[in-house]
*Asks:* 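Have a look at the structure that comes next, please.
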Amino acid sequence: EPEVTQTPSHQVTQMGQEVILRCVPISNHLYFYWYRQILGQKVEFLVSFYNNEISEKSEIFDDQFSVERPDGSNFTLKIRSTKLEDSAMYFCASSLTRSYNEQFFGPGTRLTVL
Amino acid sequence: TQLLKQSPQFLSIQEGENLTVYCNSSSVFSSLQWYRQEPGEGPVLLVTVVTGGEVKKLKRLTFQFGDARKDSSLHITAAQPGDTGLYLCAGAGGATNKLIFGTGTLLAVQP
């Protein structure tokens, strides 16, 4: 069964460093999303991406964040200068259509900023 | 701001009991999804409901979308220890149908 994959599973970084989180969405899906979940809190929307551009972003997704689909399979989230409060699980999701919107999530990357 | 409140927050029951989890909002959603999440893992999609009043069944799980598409419920019949986990509802809204997640219900089924 097709699934969303994410790498790495765990990333530890120093405050101020850049990190890139990688995702491979389900191959025929067209809509891509990043969410994050701070320990003990709700899953929060960060950004959605369609047709090689950002469709919608939340207030959390400030200038330190960027997304890219560098080729036909990968979807990346870059945090330019990490802060302690960026420590969270980051989930990538994809869906085939916008209207029915069944979003399938990857296993997540646990980001720890020291 | 769209918010989804789930109740109860925690539920501990014995194997074989029935239970219902509620997901409520004052906002209308175009669709609503239920996920189950294990610790340290991503949410796993259980079901999507789209039409007001829709009922979907997945083995011992029954999902209902409210007539006004503002609320939903998940009913589990004869709960098993394998049903233990965090159940999340998520409503789709906004320009790209981003998901707004509920507060979660942590279910523990004791053998």
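Numbered from 1 within each chain, the chains take letters A, B, ... in sequence-line order. The structure presented is a predicted model; accordingly, all values stated were derived computationally and were not measured.
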*Asks:* So which part of B:Leu99 gets closer than 4.5 Å to some heavy atom of chain A, the side chain, the backbone, both or neither?
*Replies:*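 Contact with chain A involves both backbone and side-chain atoms of B:Leu99.
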*Asks:* Tell me, side chain or backbone of B:Gln37 under 4.5 Å from chain A's heavy atoms, or both, or neither?
*Replies:* side chain
*Asks:* At a heavy-atom separation under 4.5 Å, does A:Gln37 approach chain B through its side chain, its backbone, both, or neither?
*Replies:* side chain
*Asks:* Tell me, with the steps shown, if A:Val67 and A:Phe32 meet side-chain contact (heavy atoms from CB on, under 4.5 Å).
*Replies:* CA-CA 10 Å; A:Val67 289; A:Phe32 313 114; over 6 Å; no
*Asks:* Looking at A:Lys42 and A:Glu44, is there a salt bridge between them, counting it only when a charged N and a carboxylate O are closer than 4.0 Å?
*Replies:* no
*Asks:* Which answer fits A:Tyr35, side chain, backbone, both or neither, if we ask what part of it has an atom under 4.5 Å from a heavy atom of chain B?
*Replies:*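 For A:Tyr35, the contact with chain B is made by the side chain alone.
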*Asks:* Would you please classify the geometry between the A:Phe91 ring and the A:Phe105 ring as parallel, tilted or perpendicular, with 30° and 60° separating the classes?
*Replies:*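 Correct class here is perpendicular.
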*Asks:* Could you check whether any side-chain heavy atom of A:Leu77 comes within less than 4.5 Å of a side-chain heavy atom of A:Leu46, counting everything from C-beta outward?
*Replies:* yes
